[in-house]
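Below, read A as the first sequence line, B as the second, and so on, with proteins coming before strands; counting in each chain starts at 1.
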4 protein chains.
Amino acid sequence: MSIFAPNEYSVGVTKREQILNKSLHLFAERGIQATPMSLIVAESGVATGTIYHHFKSKQEIIEALYLEFKKELGKAFHHSFKQDQSFYQQFESIWRGVFEFYLREPLKFRFSQQVTHSHYIDEELKQEGLSHYQVFFDFFEAGMKKGEFVQIDLHLALELVHGGVVSLANLHLKEKINNLELNIKEAMQFAWRGITKTKSDQHE
Amino acid sequence: MSIFAPNEYSVGVTKREQILNKSLHLFAERGIQATPMSLIVAESGVATGTIYHHFKSKQEIIEALYLEFKKELGKAFHHSFKQDQSFYQQFESIWRGVFEFYLREPLKFRFSQQVTHSHYIDEELKQEGLSHYQVFFDFFEAGMKKGEFVQIDLHLALELVHGGVVSLANLHLKEKINNLELNIKEAMQFAWRGITKTKSDQHE
Amino acid sequence: MSIFAPNEYSVGVTKREQILNKSLHLFAERGIQATPMSLIVAESGVATGTIYHHFKSKQEIIEALYLEFKKELGKAFHHSFKQDQSFYQQFESIWRGVFEFYLREPLKFRFSQQVTHSHYIDEELKQEGLSHYQVFFDFFEAGMKKGEFVQIDLHLALELVHGGVVSLANLHLKEKINNLELNIKEAMQFAWRGITKTKSDQHE
Amino acid sequence: MSIFAPNEYSVGVTKREQILNKSLHLFAERGIQATPMSLIVAESGVATGTIYHHFKSKQEIIEALYLEFKKELGKAFHHSFKQDQSFYQQFESIWRGVFEFYLREPLKFRFSQQVTHSHYIDEELKQEGLSHYQVFFDFFEAGMKKGEFVQIDLHLALELVHGGVVSLANLHLKEKINNLELNIKEAMQFAWRGITKTKSDQHE
DNA sequence: TATGAATGAGCATTCATTCAT
DNA sequence: AATGAATGAATGCTCATTCAT
């Protein structure tokens with residue numbers, strides 16, 4: 001590839017990035033196991049050896065993508081969080097920040113869903129990712145201390161709230177949602193009601 | 001196989017069932033793609049040809065297990081539902097019924113988690129499974145009509161409520177939950193608050 | 001299969017014949033190697049075991065069909081041969097007899113073509129079939145003795161004459177021949193000129 | 001592979017050629033269906049993957065060999081043809097050219113016989129090969145126009161003449177022919193008499 | 001850094017055949 | 001005679017990875 005005749009990939013995109021981009025695409029659309037290295041080679045326009053120059057193995061590509069995803073998800077949590085707001089406003093910021101990240105990066109979202117529920121990433125690596133959620137943990141603990149939120153296991157709370165974001169993103173990306181804005185509000189308030197204390201409708 | 005010399009598998013278990021049982025085990029514990037047919041052969045104590053006598057392909061085993069799971073999950077919804085009870089009691093029955101099914105059948109639960117987020121089952125087959133949730137849809141619609149539940153897309157409601165059950169089952173099976181009974185109550189009430197109307201803490 | 005409810009195969013056709021008929025069909029149309037026993041089972045409406053009750057192996061079915069073919073071809077030679085006719089009339093009878101047999105039984109013809117040029121039938125069995133051509137050998141030898149036919153190796157003569165019949169049958173069955181009657185005459189006279197002595201156009 | 005340590009195959013023979021050579025050998029001697037890829041691997045001294053690096057499938061090896069054969073047969077037709085000779089001399093050149101090609105390349109000849117009468121090559125690919133025979137078609141048409149040859153379908157003429165070459169080559173390679181030179185002359189003149197017009201011995 | 005031919009263990013599947021009923 | 005579940009060696013092929021250039 002001459003520098004005088006840059007091809008379609010050469011404009012500021014390194015081979016490493018080409019490989020990651022195409023891998024993400026293929027993993028998300030076809031599934032990880034249905035994406036052989038040879039296909040990544042063919043699609044990303046590099047040679048077999050070049051992939052193995054940048055990544056030790058297929059597993060390492062998966063892990064690189066996973067870590068990148070977790071980092072960006074962490075950012076989505078972090079950036080959308082605004083101090084000096086009401087708990088509700090903070091909650092909404094986080095919820096929307098993550099949801100919008102998923103809609104903005106549907107490939108990364110789908111890839112993460114696959115990886116989370118498969119055996120591609122070992123528990124250890126999954127644990128590492130937890131640090132990105134610190135913002136949520138801090139937010140939720142503060143709410144609990146103030147008596148605004150129910151007393152609940154932090155991890156469980158994260159899963160319950162995050163699960164709702166994922167569910168709506170999933171349904172929306174599958175085009176099963178008609179009125180998106182309305183359902184965003186519903187899903188969000190579902191979680192908000194879930195975590196906040198109410199006096200009346202407690203049972204037992 | 002004579003009735004006088006039954007082998008270790010012969011007590012009322014057909015070869016077909018042996019194959020399905022062992023496949024479920026291996027899929028759940030090692031992952032589907034990490035389970036070659038040769039391993040199923042070795043573990044289930046049948047010959048290669050016997051597997052292909054009963055199932056057209058590995059894919060067909062996966063689909064058979066998926067359909068079986070969906071059917072049983074449908075039963076878990078159905079059997080735990082008791083008419084002539086308060087909405088809350090009905091809700092709790094369903095929630096607990098499904099949750100208990102997951103704890104009773106952790107292999108099926110794990111297998112379903114894998115399959116749901118992979119490309120092994122096509123959309124069409126996934127749609128078929130929806131019929132099993134009719135009990136929930138009926139229940140939720142009744143609650144909406146009576147003004148007890150929030151107005152929300154039925155599928156979204158199912159996902160939001162079911163997502164909580166899955167989250168807790170997941171954390172529990174990974175031994176991340178200390179006080180199970182307490183967290184069951186919390187997760188359940190998270191969902192109950194989520195779906196029920198409250199007067200005070202609505203935002204906007 | 002009850003005697004009160006004979007199925008479509010039972011009218012005077014034994015299972016053995018069903019198997020042979022369907023095998024011939026499948027071998028001719030798909031090729032021998034592309035016809036697994038399981039397909040013969042499915043198409044002939046018998047059980048696997050039944051085939052192996054009547055035939056020791058797939059090879060034995062092929063050989064049974066081959067021998068049947070050779071016998072019928074022998075008959076085609078024999079029956080079409082009429083003594084007390086001119087050499088040309090005898091030649092024409094044989095040529096046409098064989099050609100008509102091929103058109104009457106295209107499946108047997110195609111099967112024989114496959115088998116002749118493959119390794120399914122060993123040389124020994126092929127030799128056995130030669131006895132059926134005795135009629136031709138006798139006819140040709142008589143013609144040579146009378147000085148009507150050229151002095152030529154008998155086997156070669158058979159191949160040369162028979163080859164023309166096969167060529168035309170092949171082209172006709174592939175629908176490459178427009179005017180069949182004309183081309184029959186041409187192909188036949190090609191062979192007749194070939195085997196008969198002429199004074200003029202010998203070279204050297 | 002260093003030039004200082006060439007292995008036993010490296011003298012100007014690419015892996016691709018090794019594979020084709022050995023495949024031809026095995027196909028011709030054992031039959032195509034009796035030649036598993038594993039045997040080609042073992043005999044050609046390459047790895048399984050290497051075969052599939054050069055050929056998409058076993059079918060593609062067969063097709064490559066078939067096309068190579070057809071091309072060389074075309075050359076045999078073409079090169080042996082000499083303009084400015086009598087029709088008989090042209091005929092003899094072609095006949096002998098093809099016959100000698102078959103004797104020179106018995107493996108290719110046997111392979112072609114197998115393939116021609118099996119289902120390995122589809123009609124379309126067989127049609128493509130016809131272009132190689134143009135020399136014969138031109139020669140024969142010229143002879144017809146000059147009134148030297150009988151009026152006969154070109155394809156049929158090709159088959160009738162070529163069939164004789166094949167018959168003799170076959171018998172010779174099976175060592176059924178004693179005096180080869182004599183029988184070459186006989187078979188050739190059989191065809192020559194067949195295609196040339198004679199005044200006397202026409203019937204009807 | 002980059003290339004792509006070469007590798008070979010491993011995979012899903014086929015298929016002729018056996019055998020208990 | 002007939003059945004069809006069961007067998008397992010063998011097949012064509014895949015695919016992550018290595019290595020010489």
Measuring from the side chain of [X] (C-beta onward, heavy atoms only), which nucleotide among [options] has the closest atom?
X	options	answer
C:K58	E:dC11, E:dA16, F:dG12	E:dA16
B:H53	F:dG12, F:dA6, E:dC11	F:dA6
D:T50	F:dT17, E:dA16, E:dA6	E:dA6
B:T48	F:dT17, F:dT3, E:dT14	E:dT14
A:A47	E:dG4, F:dG4, F:dC13	E:dG4
C:P36	E:dA12, F:dA16, E:dC15	E:dC15

Interatomic distance, [X] [atom1] vs [N] [atom2] [rounded to whole Å]:
X	N	atom1	atom2	value
D:E17	E:dA5	CD	P	15 Å
D:F55	F:dT14	CZ	P	15 Å
B:I61	E:dT13	CD1	C1'	12 Å
B:I19	E:dT13	CD1	P	14 Å
C:Q33	E:dA16	CD	C1'	14 Å
D:L39	F:dG12	CG	C1'	14 Å
D:E60	F:dC13	CD	C1'	13 Å
C:M37	F:dT3	CE	P	14 Å

Exercise for review: Scan every strand shown for a Watson-Crick or G-U wobble partner of F:dA2, both distances under 3.5 Å, and answer none if you come up empty.
Suggested key: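 Paired with E:dT21.
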Review point. Side chains of A:Q33 and B:Y120: do they bring a donor and an acceptor to under 3.5 Å?
Key: yes
Point to revise | Residue-phosphate contact under 4.0 Å: A:Y52 side-chain N/O, F:dT17 OP1/OP2 | key: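 For F:dT17, OP1/OP2 do have a side-chain N/O of A:Y52 under 4.0 Å.
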Review point. Taking OP1 and OP2 of E:dT7, is either one under 4.0 Å from a side-chain nitrogen or oxygen of D:K15?
Key: yes
Practice item. Could you check D:K56 against A:S57 and say which one's nearest nucleotide on DNA chain F is further toward the 5' end? Key: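 Its nearest nucleotide lies further toward 5', so the answer is D:K56.
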Review point. Given that A:G49 and C:R16 both sit by DNA chain F, which one's nearest nucleotide is further toward the 5' end?
Key: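 This one resolves to C:R16.
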**Study point:** Pairwise 5' ranking along DNA chain E for C:S38 and B:Q59, keeping only the more 5' one
**Key:** B:Q59
Check your understanding: Is the shortest heavy-atom distance from the side chain of D:E123 to the side chain of C:K174 under 4.5 Å?
Key -> yes
Point to revise | D:E68 and D:K108 ion-paired at < 4.0 Å | key: yes
Practice item. For the pair C:T50 (side chain) and C:V46 (backbone), establish whether a donor and an acceptor sit closer than 3.5 Å, ignoring hydrogens and angles. Key: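 No; judged by distance alone, with no hydrogens or angles, the pair does not exist.
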Point to revise | Option from B:M37, B:R16, B:K15 for which side chain to side chain contact (heavy atoms under 4.5 Å, CB included) with B:I51 holds | key: B:M37
